[in-house]
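Encoded as structure tokens, the structure appears first; notes follow it.
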There are 2 protein chains.
Amino acid sequence: MPRPRSLTPAQLASAALAVIDRDGLPALTMRAVAAELGTSPMALYRYVADRDELEALVVEEVLSTVDTAPAADGSWPDRVGVMVRRMRLAVGRHPAVVPLLPVHRHRSPTVLRWTEGVLGVLAEAGFVGTRRVVALRALLAYAVGAIQLEHLGPLSGPGTTTMAALPVGEFPHLAATAADARRVGPDEEFGGGLDVLLRGLAVDPD
Amino acid sequence: MPRPRSLTPAQLASAALAVIDRDGLPALTMRAVAAELGTSPMALYRYVADRDELEALVVEEVLSTVDTAPAADGSWPDRVGVMVRRMRLAVGRHPAVVPLLPVHRHRSPTVLRWTEGVLGVLAEAGFVGTRRVVALRALLAYAVGAIQLEHLGPLSGPGTTTMAALPVGEFPHLAATAADARRVGPDEEFGGGLDVLLRGLAVDPD
DNA sequence: ACCTGAACACCGTTCAAGT
DNA sequence: ACCTGAACACCGTTCAAGT
């Protein structure tokens, strides 16, 4: 008589996420997740092939809350902007997983649906062929990079303080800009850059 | 009589980079770098406090080849574009270190000088205050994200093939766009997105 | 001062055994 | 079928000892 499975992949994912949120990304080990679930480390290998697959499960768990339906209202740049902001918001709820995103992003079903939604808006806006490919990749690159900058080296962090204290003789612009940067919040930073990119897409020649 | 040091930080960095280039990033261990240098693992701790510091040394080694002098010729978007491409080229010579860049970027003296150079061009172009901060961060975010996409999930890779084979009923735009993506090379992808961003900066209102 | 070797407290994963 | 425990081949790092 086959014994029923005692766990689901979703339980694995949320146990792993609980470990990361509580103790940080370095604490994510097969042993810690097993302890979180009250089983032995080897039991996890019934559900994932290896640690890499567990990480992919965590990434999908974080992204699964993103609304992937194409935004309905406003101009097409506004609608694309809404989609990009949705992704940022989901990641913002679990900032410790940020380093896992670039590595496992392409295996996430949610990212596939989200991409389909963004492409739908771009297609309606008249983007076709290579131009649509480049637009999508530029949006993805900005989203991935900006989310990482925000959490791995925020303007409010020590890096900015260090730069503000740099010798003005050697780093005149950097010292001045770092001082200004103290007054730019994360929403303004992310939204400002996104607006620049969307404006560039809007004036993009055929 | 104090025994002279037998190693320099630069030797550590290039030995570590040799290990990474030959055996991949997971092969970067204190033990492997020590073996590469013909010393004991513990000898490394005379030169770095821990593994984290060794990683920072590797990142600086990769970026140290970037020319940080402000580009001299052309319009300001062209000059900023040249600076961003220089950073991409340096990373392209050691793609395996890409995952280390976002984490250790802000500790690199070369990145400080590069940033000073970019800010110099932006300042000449009339960017001041918050607008200059947002422009710099948008360029950084794009560079960091696009370089990662290029090496962690390239358009020429299996991800694109998977997407091209998706059911057309559920993913009409994605399947079509993935087919188009096969014809976009990495230079065209990176340069195309960068041009979009620079165009957005050029039309940015005060 | 600088380097070494043994040891400690971890990892991911294999394997043979239990129910 | 599914789960467990012991074991293996690794890690980074501490510590005491060598020259």
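Residue numbers start from 1 in every chain, and the chains themselves are labelled A, B, ... in the order their sequence lines are given, proteins ahead of strands. Excluded from the calculations below are hydrogen atoms, water molecules and symmetry mates; all remaining heavy atoms, backbone and side chain alike, are included.
Counting to the nearest Å, the P atom of C:dA9 and the CE atom of B:Met30 are 20 Å from each other. Nucleotide D:dG12 holds its C1' atom 7 Å from the CZ atom of B:Arg31, rounded to whole Å. When rounded to the nearest whole Å, the span between CG of B:Asp23 and P of D:dC10 equals 13 Å. Rounded to whole Å, the distance from CZ on A:Arg5 to C1' on C:dT19 is 17 Å. Protein atom CG of A:Leu37 is 14 Å distant from nucleotide atom C1' of D:dC3, rounded to whole Å. In this structure, A:Leu28 places its CG atom 12 Å from C1' of C:dG12, rounding to the nearest Å.
You'll find that the side chain of B:Met42 is closest to D:dC15, out of D:dC15, C:dC2, C:dC3.
Side-chain contact, B:Arg93 with B:Thr65: a donor N or O sits under 3.5 Å from an acceptor N or O. A donor atom on one side chain and an acceptor atom on the other are found under 3.5 Å apart for B:Arg182 and B:Thr161. A donor and an acceptor atom, one from each side chain of B:Ser14 and B:Glu61, are nowhere located under 3.5 Å apart.
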Exercise for the section: Return one dot-bracket line describing DNA chain D 5' to 3' (Watson-Crick or G-U wobble pairs, both distances under 3.5 Å; ( ) same strand, [ ] crossing, | another strand, . none). Expected result: ||.|||||...|||||.||
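Geometrically, A:Arg88 engages A:Phe190 in a cation-pi contact, judged by NZ or CZ lying under 6.0 Å from the ring centre and within 45° of the ring axis.
B:Arg51 places a side-chain N or O within 3.5 Å of a backbone atom of B:Leu28 that can act as its donor or acceptor partner.
The two residues A:Asp67 and A:Arg86 come nearest to each other via the heavy atoms O-NH1, 2.8 Å.
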Exercise for the section: Test B:Arg107 against B:Asp52 for salt bridge (charged side-chain N to carboxylate O under 4.0 Å, His left out), laying out the working first. Expected result: CA-CA 11 Å; B:Arg107 285 202 256 169; B:Asp52 204 58; 2.6 Å; yes
Exercise for the section: Take B:Arg31 and B:Glu36 through the test salt bridge (charged side-chain N to carboxylate O under 4.0 Å, His left out) and record every step on the way to the result. Expected result: CA-CA 9 Å; B:Arg31 285 161 149 99; B:Glu36 185 80 17; over 6 Å; no
Practice task
Decide salt bridge (charged side-chain N to carboxylate O under 4.0 Å, His left out) for B:Arg85 and B:Asp195; before the verdict, give the C-alpha distance in whole Å, the side-chain angles of both, and the deciding distance to 0.1 Å.
Solution key: CA-CA 11 Å; B:Arg85 280 168 221 267; B:Asp195 287 345; 3.7 Å; yes
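Proximity of A:Ser6 to the phosphate of D:dC3: a side-chain N or O atom is located under 4.0 Å from OP1 or OP2. Within the structure, every side-chain polar atom (N or O) of B:Thr29 is placed at least 4.0 Å from both OP1 and OP2 of D:dC10.
Sorted by residue number, the members of residues 44-58 of chain A with any non-hydrogen atom under 4.0 Å from DNA chain D read A:Arg46, A:Tyr47.
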